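Notes follow the structure.
Convention: sequence-line order gives letters A, B, ...; per-chain numbering from 1. Small disclaimer: the values here were computed from a predicted structure and weren't measured. All values below were derived from every heavy atom in this structure, side-chain atoms included, with hydrogens, water molecules and symmetry-related copies excluded.
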There are 2 protein chains.
Amino acid sequence: MARDESGFSHPDEGTLSLEAIFHALSDPYRLRIVRALAASTVPMNCGDLSFGRPKSSMSHHFRILRAAGVLHTTSQGVEHMNRLRRDMLDRRFPGLMAAILGETGQPAGDHPRRLTPA
Amino acid sequence: MARDESGFSHPDEGTLSLEAIFHALSDPYRLRIVRALAASTVPMNCGDLSFGRPKSSMSHHFRILRAAGVLHTTSQGVEHMNRLRRDMLDRRFPGLMAAILGETGQPAGDHPRRLTPA
DNA sequence: TCGTTTGTTCGATAAGAATGGAACTAGTCC
DNA sequence: GGACTAGTTCCATTCTTATCGAACAAACGA
């Protein structure tokens, strides 16, 4: 979990903890970030994923997701670009992300599009 | 989410929240409970799933798991019998429990047997 | 160099969750 | 009824997390 070239700490595959991942995903904003990244073909910066919340709050959420190994951040100029660590997560916990994102193959209704209890 | 015959409140399928499930699963003891129940062919009482912790603490954890819809509790005499709500969870979030429990089909190494970071 | 943009860090506060002892309730058996 | 068992509820304490303004840092362009 050394700081990489871009100055961010990312856990490596062997140290992933399911508890930490679940904790990271138990917050509505963090789940929105994950879904937005999953739906995007390109990395997104923090501003794109702020949902109108203060920068300091979102920076906190990004740090939790990074520390859990859910996303990866790199600097590009003044921006910090984020992407899901989908490959690693799929290797370590096959099916987990697919289940979270509702990629089930079967129609499964309207299921996980709701972020807050109705 | 009305109290059922046995006096416990269980959410019904439509009101399940992924955030609540993740929060429920983000605790090491709760994850142990879930894994033990998944590995058992029969319901287990709270005492069987106490891991040596105080009853009041474990009662708290059972309530969280119940409220999230992860397990179902019924009274049988003085005991409270618990079982995973696997069918409902599989309907609502297909693949989620399988991923958590490491039922991947592929060998996937030693992966999710560790409960606390090494 | 100065100003702008993007995001982090710091610090204080508030909200939420975990813990565990003590008292309590509900069954069961004598 | 009395004793015993299995869990829950209550309560206080402690720990953790979230929130957000303010100050800061780094990259960039004029």
Rounded to the nearest 0.5 Å, how far does OG1 of A:T15 lie from CZ of A:R92?
->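 Answer rounded to 0.5 Å: 8.0 Å.
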B:L96 side, atom CG; A:M97 side, atom CE - distance, nearest 0.5 Å |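 Here the rounded value is 10.0 Å.
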Take B:H60 and B:K55, find for each the nucleotide of DNA chain C with the closest heavy atom, and name the residue whose nucleotide sits nearer the 5' end.
->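 So the residue in question is B:H60.
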Please determine if a side-chain N or O atom of [X] lies less than 4.0 Å away from the OP1 or OP2 oxygen of [N].
X: B:R53; N: C:dG20; value: yes
X: B:N45; N: D:dG7; value: yes
X: B:H61; N: C:dT19; value: yes
X: B:R66; N: D:dT8; value: yes
X: B:R30; N: C:dA18; value: yes

Considering only D:dT17, D:dA6, C:dT9, which nucleotide approaches the side chain of A:H23 most closely?
->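 Of D:dT17, D:dA6, C:dT9, D:dT17 is nearest to the side chain of A:H23.
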B:V78 side-chain proximity, nearest of D:dT5, D:dA18, D:dC20 |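 Nearest nucleotide to the side chain: D:dT5.
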Rounded to whole Å, how long is the line connecting atom [atom1] of [X] with atom [atom2] of [N]?
X: B:I33; N: D:dG7; atom1: CD1; atom2: C1'; result: 13 Å
X: A:F8; N: C:dG7; atom1: CZ; atom2: P; result: 9 Å
X: B:M44; N: D:dA6; atom1: CE; atom2: P; result: 15 Å
X: A:F62; N: C:dT8; atom1: CZ; atom2: P; result: 8 Å
X: B:I64; N: D:dT9; atom1: CD1; atom2: P; result: 12 Å
X: A:Q76; N: D:dA27; atom1: CD; atom2: C1'; result: 13 Å
X: B:M81; N: D:dT5; atom1: CE; atom2: P; result: 18 Å
X: A:D27; N: D:dT19; atom1: CG; atom2: C1'; result: 11 Å

Hey, does A:H80 reach any base, or is it just sugar-phosphate, or nothing, if we go heavy atoms under 4.0 Å?
->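 Sugar-phosphate: the residue A:H80, judged by heavy atoms under 4.0 Å, touches backbone atoms but no base.
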Could you check A:S57 against B:M58 and say which one's nearest nucleotide on DNA chain D is further toward the 5' end?
->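 Taking each residue's closest nucleotide, the earlier one in sequence belongs to B:M58.
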With no hydrogens and no angle check, do the side chains of B:H61 and B:R30 hold a donor and an acceptor under 3.5 Å apart?
->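 Checked: B:H61/B:R30 side chains pair up, N/O donor to acceptor below 3.5 Å.
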Looking only at N and O atoms, is any donor in the side chain of B:S56 or the base of C:dG21 less than 3.5 Å from an acceptor on the other one?
->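 Between C:dG21 and B:S56, which were checked side chain against base, a qualifying N/O pair under 3.5 Å is present.
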Salt bridge B:E103-B:R35, side-chain N to carboxylate O under 4.0 Å =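 A salt bridge is absent here (no side-chain N lies under 4.0 Å from a carboxylate O).
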Residue of the set B:R32, B:M44, B:R83 for which side chain to side chain contact (heavy atoms under 4.5 Å, CB included) holds with B:L37 |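 Between B:L37 and the candidates, side chain to side chain contact (heavy atoms under 4.5 Å, CB included) is satisfied uniquely by B:M44.
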